Amino acid sequence: NHTNTETSGSNMSIPSKVAFVRSLPAGADDNDLLQLGQNFGRVMKVLTLNSKNLGFIEMESPETCTALVDYHQYTPAIIKGQQVHIKFSDKNEIQSSSSTNVSATGGVVGPQDTGKRVLLVTLADQTAPFSLDDLYPVFNVYGQVHRMSSFNKIGKNQVLVQFATPTDAHGAYSNLHNRNIGGCVLNLQWSKQDTLTFARPDERNRDYLLGIPPSVATGVPGHVLPATVDPNAAAWGQDPSATAQAYQMAMYQQANPWGPQAYGAPPPMAAVGAPPDMGAGGMGAGAELVLFVSGFNSNIITAPALFTIFGLYGEVSQVKVMFKKKDSALIEMVDPQGSINARTHLNGVAVFGTKWSVTVSKNQNIKPAVTGDELCASPATHQKSKFNPKNVVAPCERLIVTGLLPEVTEDILLHYFKQYGSVTSCEFMHTTRAAVVEMADLDVAMTCLIALNNYSLQLDGNRSCVLSLNFCKNPAAFRGGSAPY
């Protein structure tokens, strides 16, 4: 009923505490809506309706909701590289039982508060087949998995995972949501069910309380258990406690690329010893560092341009554009979070007449260039972008320019930006030595970013300043002496 009322379009210009979001991309979740609203005040509840590509954000007050709606009337709201549209809801609160509460600290309320222990997992961007027994060790790292059930809904492969406790489920959610496990991306939500039931175990329904089937020995595709570990022992051995620990540790070692250690969290199961050291050339954090980018306009986007753009989302180690396929490149990030930031904000971006695809590469690192490959390495050949973890935002028409000296006037700044296209507005924040410049469209803004980021602006008296550019999320945050960097 809530959804039907909103789509009718009545009273959506009247301020309320609830914002109505439409045109959500596939895979959008409550955390995406939460991040959208948090820039404008405290978010109380969020509700995502993926089947209808709709969402709702309940703010603390009509004033903060008005700030959210008004801002995005002129600045595109981007989720996972796709523009969404925001208006007022005709409801003053979210009343659906499917909504997600937000804690006072700004986090989505976890299952330790709701008592939920069943996760609904969607296998997105799937490029390899997965069975329940393939996925079991990935989830079991974070707590005891009791049951799993798989099904296909609206062309998407989904899995229900029941954990022993809500705390176990929360650990899996916190570490695996939106993670690429090499063959698919795991999108996690909380299921309405508390207990999984099925007539009998089969390939689509597993009850791991009855024991771990021999098929689990294969683990994640491409990984093999050590020969010294009997995969049947954990389920059928005479010392279940000891053999189960040994088995689970072996599975952890095989699933480690997607376990907590790969993302900076301490490894689980300390009681049975730490996992082996996995250096830069192993299958640890490097599993997600190399990105494959395709579909960009090779007449405009070069290796240095990619180095600049991806540097806004994390430190870049290397960039290599393919010789035989000029619209494709490999980008090696320094840390996994930078890789996640880049995929989240650049995948699906449409610029210079093409749409980008940014995915995790099968390569663990970038190999040396062959003849014709264009290689751009950091920091030897190019200055890196000034990465600001507090201003990670999808490409848009508005740019924040920092590093300005007091004698840089609006006319001087506009002289440089107008060389690349029409400027819609320019606002100086003199107390922060910054300016917000809005260009006519994304193509022009991207051109300015590529051309002017790290540009040395020469002034009178042999003085100069180096311009640092980034896409601007919320210019209001940079006013009144609140420096963006």
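As the structure is a prediction and not an experimental result, all values here were calculated from the model. Index from 1, following the sequence.
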*Asks:* Does a side-chain heavy-atom distance below 4.5 Å link L312 with H345?
*Replies:*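 L312 does not reach H345 side chain to side chain.
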*Asks:* Do T344 and N341 meet the criterion of a side-chain donor-acceptor pair at a distance under 3.5 Å?
*Replies:*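 The criterion, which ignores hydrogens and geometry beyond distance, is not satisfied for N341 and T344.
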*Asks:* Could you report the tightest heavy-atom contact between L449 and T308, atom names first, then the distance?
*Replies:* O-CG2, 4.1 Å
*Asks:* What are the two closest non-hydrogen atoms of L188 and A172, and how far apart are they?
*Replies:*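 So the minimum-distance heavy-atom pair works out to CD2-O, 3.9 Å.
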*Asks:* Hey, what do you get for CD (E332) to OG (S339), rounding to the nearest 0.5 Å?
*Replies:*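 Reported to 0.5 Å precision, the distance equals 10.5 Å.
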*Asks:* With heavy-atom distances below 4.5 Å as the criterion, would you say the side chains of V393 and C472 are in contact?
*Replies:*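 Sidechains of C472 and V393: no contact.
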*Asks:* Could you tell me whether the side chain of D29 reaches within less than 4.5 Å of the side chain of N187, counting heavy atoms only?
*Replies:* no
*Asks:* Assess the residue pair M446 and I309 against the criterion (side chain to side chain contact (heavy atoms under 4.5 Å, CB included)); give the C-alpha distance rounded to whole Å, side-chain angles, the decisive distance to 0.1 Å, and a yes or no.
*Replies:* CA-CA 9 Å; M446 188 71 81; I309 296 166; 3.6 Å; yes
*Asks:* Without swapping roles, check the side chain of N53 against the backbone of L24 for a donor-acceptor pair under 3.5 Å.
*Replies:* yes
*Asks:* Any side-chain heavy atom of V290 sitting closer than 4.5 Å to one from F292?
*Replies:* no
*Asks:* If every non-hydrogen atom of G353 is compared with every non-hydrogen atom of D443, which pair is closest and at what distance?
*Replies:*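 Reported closest heavy-atom pair: N-OD2, 4.5 Å.
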*Asks:* Would the distance check show the side chain of T122 and the main-chain N or O of A124 forming a donor-acceptor pair, the cut-off being under 3.5 Å?
*Replies:* no
*Asks:* Measure the shortest side-chain to side-chain distance between T195 and Q162 over non-hydrogen atoms and say whether it is less than 4.5 angstrom.
*Replies:*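 T195 reaches Q162 side chain to side chain.
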*Asks:* Considering only heavy atoms from C-beta outward, does the side chain of Q158 approach that of L160 to under 4.5 Å?
*Replies:* no
*Asks:* Calculate, to the nearest 0.5 Å, the distance between atoms CD and CG belonging to Q318 and L306 respectively.
*Replies:*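 Going from CD on Q318 over to CG on L306, the span is 13.5 Å.
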*Asks:* Under 3.5 Å, is there a donor-acceptor pair between the side chain of N297 and the main chain of F352?
*Replies:*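 Yes, the answer is positive, given that a donor and an acceptor are paired below the 3.5 Å cut-off.
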*Asks:* The criterion is side chain to side chain contact (heavy atoms under 4.5 Å, CB included); which residues satisfy it with C396, sequence neighbours excluded?
*Replies:*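 Side chain to side chain contact (heavy atoms under 4.5 Å, CB included) list for C396, sorted by chain: R398, F471.
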*Asks:* Looking at CG of N205 and OG of S150, how far apart are the two atoms once the value is rounded to the nearest 0.5 Å?
*Replies:* 6.5 Å
*Asks:* Please give me the minimum heavy-atom distance between I94 and K45, naming the atom from each residue.
*Replies:* O-NZ, 3.2 Å
*Asks:* Determine whether a donor-acceptor pair (N or O, by modelled atom type, separation under 3.5 Å) exists between the side chain of D327 and the backbone of S294.
*Replies:* no
*Asks:* Is L330 close to M322 at the side-chain level, that is, under 4.5 Å between some pair of heavy atoms?
*Replies:*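 Contact flag for M322/L330 side chains = yes.
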*Asks:* Hey, mind stepping through L132 and Y208 against side chain to side chain contact (heavy atoms under 4.5 Å, CB included) and telling me if it holds?
*Replies:* CA-CA 11 Å; L132 292 181; Y208 294 102; 4.0 Å; yes
*Asks:* Work out which heavy atom in Q82 is nearest to a heavy atom in P25; give both atom names and the distance.
*Replies:* OE1-CB, 3.5 Å
*Asks:* Check the pair L209 / R147 against side chain to side chain contact (heavy atoms under 4.5 Å, CB included), numbers first and verdict last.
*Replies:* CA-CA 7 Å; L209 292 174; R147 298 180 180 88; 3.9 Å; yes
*Asks:* Do D30 and T48 have a side chain donor and acceptor closer than 3.5 Å?
*Replies:*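 Short answer, yes.
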*Asks:* So, N470 side chain and I400 main chain: donor-acceptor pair closer than 3.5 Å or not?
*Replies:* no
*Asks:* Looking at every heavy atom in both A445 and L399, which two are closest together, and how far apart are they?
*Replies:*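 The answer is O-CD1, 3.7 Å.
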*Asks:* Under 3.5 Å, is there a donor-acceptor pair between the side chain of S16 and the main chain of S89?
*Replies:* yes
*Asks:* Rounded to the nearest 0.5 Å, what's the gap from CG on L54 to CZ on R22? Could you check?
*Replies:* 9.5 Å
*Asks:* Using only atom types and a distance under 3.5 Å, with no angle test, would you say the side chain of N140 pairs donor to acceptor with the backbone of P137?
*Replies:* no
*Asks:* Using only atom types and a distance under 3.5 Å, with no angle test, would you say the side chain of R206 pairs donor to acceptor with the backbone of P201?
*Replies:* no
*Asks:* Measuring from I340:CD1 to L291:CG, what's the distance to the nearest 0.5 Å?
*Replies:*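 CG of L291 is found 10.0 Å from CD1 of I340.
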*Asks:* In the structure I gave you, are the side-chain heavy atoms of F310 and V293 within less than 4.5 Å of one another anywhere?
*Replies:*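 Yes - at least one pair of side-chain heavy atoms lies under 4.5 Å apart.
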*Asks:* Does E203 have more than 12 heavy atoms from other residues, nucleotides or ligands lying within 6.0 Å of its CD?
*Replies:*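 Atom CD in E203 is not crowded, with 12 or fewer foreign heavy atoms closer than 6.0 Å.
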*Asks:* Could you tell me whether F56 and F20 have their ring centroids closer than 6.0 angstrom?
*Replies:*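 Ring centres of F20 and F56 closer than 6.0 Å.
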*Asks:* Please step through side chain to side chain contact (heavy atoms under 4.5 Å, CB included) for the pair F88 and T66, ending with a clear verdict.
*Replies:* CA-CA 8 Å; F88 287 111; T66 299; 3.6 Å; yes
*Asks:* With rounding to the nearest 0.5 Å, note down the distance linking CD1 in I57 to CE in M44.
*Replies:* 14.0 Å
*Asks:* Please confirm whether the backbone N or O of G295 pairs with a side-chain atom of T354, one donor and one acceptor, at under 3.5 Å?
*Replies:* yes
